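Okay, structure first, notes after.
On a predicted model such as this, the values are computed, not experimentally measured, just so you know. Below, read A as the first sequence line, B as the second, and so on, with proteins coming before strands; counting in each chain starts at 1.
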2 protein chains.
Amino acid sequence: MATRAEVAKLAGVSASTVSYALNGDRSIKEETRKRVLKAVAQLNYRPNFAAGALAGGKSKTLALLSPSGEFGIALIALEYINGASAAARDRGYHLVIWPSQESELAEIQTFAESGMISGVILMEIQFKDERVDYLKKAKVPFAMIGRTEKPGKDSYVDRDFIGATELGIDYLDSLGHKKIAFLTTDRAVGVDTRFSSALVEAAKKKKMIAKKIQVVNEASSGRDAFIEFHKKYPDFTAVVSLNDIATLGFISGANEYGVKIPKDLSIVALDTPQNHIEMSWPPLTTVNLPAFEMGAKASNILIDQIEQRENKQNQALLAGELVIRGTTAKARKSI
Amino acid sequence: MATRAEVAKLAGVSASTVSYALNGDRSIKEETRKRVLKAVAQLNYRPNFAAGALAGGKSKTLALLSPSGEFGIALIALEYINGASAAARDRGYHLVIWPSQESELAEIQTFAESGMISGVILMEIQFKDERVDYLKKAKVPFAMIGRTEKPGKDSYVDRDFIGATELGIDYLDSLGHKKIAFLTTDRAVGVDTRFSSALVEAAKKKKMIAKKIQVVNEASSGRDAFIEFHKKYPDFTAVVSLNDIATLGFISGANEYGVKIPKDLSIVALDTPQNHIEMSWPPLTTVNLPAFEMGAKASNILIDQIEQRENKQNQALLAGELVIRGTTAKARKSI
DNA sequence: GAGTTTTATCGACACGCGTCGACAAGTAGT
DNA sequence: ACTACTTGTCGACGCGTGTCGATAAAACTC
């Protein structure tokens, strides 16, 4: 592999000039720069990663902390990872996946100090999240996908819950649905309640009746939810789901009981990653979760922060778009 | 962050002695080593990553090439990533996710040469895979999850197709199923045919009738498959599925047509990642795909290779285990 | 006990880059 | 014409580690 010195020789300049020509930290005559770039291309030169990190103290590597649950990384994480990884690459950074237990939190700091890592992306943020507190104390730059109860000035990317629910509700309203139920996992006050309270608000605006059905993140729970729904709200015509896996179970339940989707019952899913949509039949109408974009945005925000562009926006909310597929239709005339 | 020099001073030895004490490349008096380790612990010293890479030419970083399909990283990839990442960490390595287009293949080589990457893990291996050819030519160490038609001495981890299908078939046999269908995506000769031909063999051994139903990797295709199955093979009592997503559609179809699972029809899925199981109702009986272990094994094989432990086994086949859940029961008495 | 090998340690250097200070040449202001 | 900047370039140094050669001490050999 070519080194800086070789490029310098070929271009007839000094080694440091090559550096400046490439990084643009000092003014360089345009003609010289061109000569350098030509030499770079000719030799297929690429700055040595380790040397750069050593000399400059910048590793250009981001860590994505993934709380490894029972099944490891959560499904949705895939698209975050994809987005974050692609955006990082576009800016000359790398993304390493860091399956983390809580016990390993201290390790992150050590690695950050050892130059391995420039910043951290966190997912599955809790209302109160000790990881956030820790990283702040340790002065490791970080960005969240999701947000804590009071994010303050911390960097984050999150869903625009209000926008997303309104997209779904307004669409159901336009189809004539007036009595709906919604599936949610929220138990106590926490991250999940952001969605359900936004939904209640949106429904109220449209003068809909919206009843809550509690689920957990399992297909079987979705099926139970259908049974509950079927019994308690026989005259309801639509369901909004805030949990992707339960949705699939819910549809199974409907199939099982002979309730036709979308003729008898419409379903809109609000928090379903792209990859899950292909797994349902009929294909789900969703307000899609722009997970790829969220991951990408998280990377960009984090890199801005690392590079000290403090003027830049470091918080973002993304709503997603309504994508009409096969689980919604006009409300059947109410009984 | 503490440096090697500080550790040396505290331990009362030279800097190089610290190196040798930690890396064990030269003999060190046991007492000295202990003193060094104590100092290391005391200062919470961790060798600077970049410096190590620069001096030693070893970056201790693995790249996992993920062919970014339509939806980015494939679902199953998650567990591979988890496993590979965890195993890498245990051996002091890092795993970066590399969303790759074919066009970027050359980039990998450059990065490998620039010291950024020590080796590559490949997934979604094709029978003929140009990436494999490229990496071999470029002399970048690599390991495959899956394998090419003729892997030769290349490192790989793959499923034990024969073992996995036999587990599934033998179980169905023990339940009295004698006429089965199987869902598969194989069209031409390729990776997918490994599974179906193993299945045909296993069925023959048990004197079962096994009919093939062609699907593609979509839920709707699985539903179509059910309809085909229902019409063509009304007296068949079991289905083996080799495609996870189609399986879910197949079950939807069964629900829709009032065919009760497992009473009327048993289903065994052979290639279903853990994360998909939770999405079906009833819960799927599977021969589980040990994806985490496969990822971990791939890391370990690759690291062995990078560190030149050539004596070690560099190919492995994993069968998985039969996990009985809710989609299998004794065969209904045949008509 | 002289010669030889082994063990344990040290000092020095190289890896390739970022960046600071120096300096020559050019430009602007008076 | 003198000073005061600015622009463009270079040489030198340091980042923290791996590792080679040298050396002193210890352990064998006959």
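- Residues A:Y80 and A:M123 have side chains in contact (heavy-atom distance under 4.5 Å, counting atoms from C-beta outward).
- Over its length, the helix from C:dG1-D:dC30 to C:dT30-D:dA1 turns its helix axis by 30°, as judged from the five terminal pairs at each end, rounded to 10°.
- With B:N288 contributing its side chain and B:E321 its backbone, the two residues share a donor-acceptor pair below 3.5 Å.
- Heavy-atom contacts from other residues, nucleotides or ligands closer than 6.0 Å to CD of B:E30 number more than 12.
- Within the structure, every side-chain polar atom (N or O) of A:T17 is placed at least 4.0 Å from both OP1 and OP2 of D:dT9.
- Within the structure, every side-chain polar atom (N or O) of B:S27 is placed at least 4.0 Å from both OP1 and OP2 of C:dT7.
- Counting only heavy atoms from C-beta outward, the side chains of B:F142 and B:L65 never approach each other to under 4.5 Å.
- Taking atom CZ on B:R35 and atom P on C:dC10, their separation rounds to 8 Å, with Å as the unit.
- Nucleotide C:dT6 holds its P atom 18 Å from the CD1 atom of B:I28, rounded to whole Å.
- Screening B:R131, B:R147, B:K136 for a salt bridge (Lys or Arg N to Asp or Glu O under 4.0 Å) with B:D154, the sole residue that qualifies is B:K136.
- Taking atom CD of B:E31 as the reference point, atom C1' of C:dT9 lies 13 Å away to the nearest angstrom.
- A 4.5 Å side-chain heavy-atom check between A:P141 and A:V120 finds every atom pair outside the cut-off.
- Between B:K29 atom NZ and C:dT9 atom C1' the separation is 10 Å, expressed in whole Å.
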Quiz item: Base, backbone or nothing for each nucleotide of nucleotides 14-22 of chain C, written B, S, -, heavy atoms under 4.0 angstrom, 5' to 3'?
Solution: -BBBBBBBB
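- B:E31 pairs in a side-chain contact (heavy atoms from CB on, under 4.5 Å) with only one of the listed residues (B:K34, B:R33, B:R35), which is B:R35.
- Looking at residues two or more places apart in sequence or on another chain, you find no side chain to side chain contact (heavy atoms under 4.5 Å, CB included) involving B:D133.
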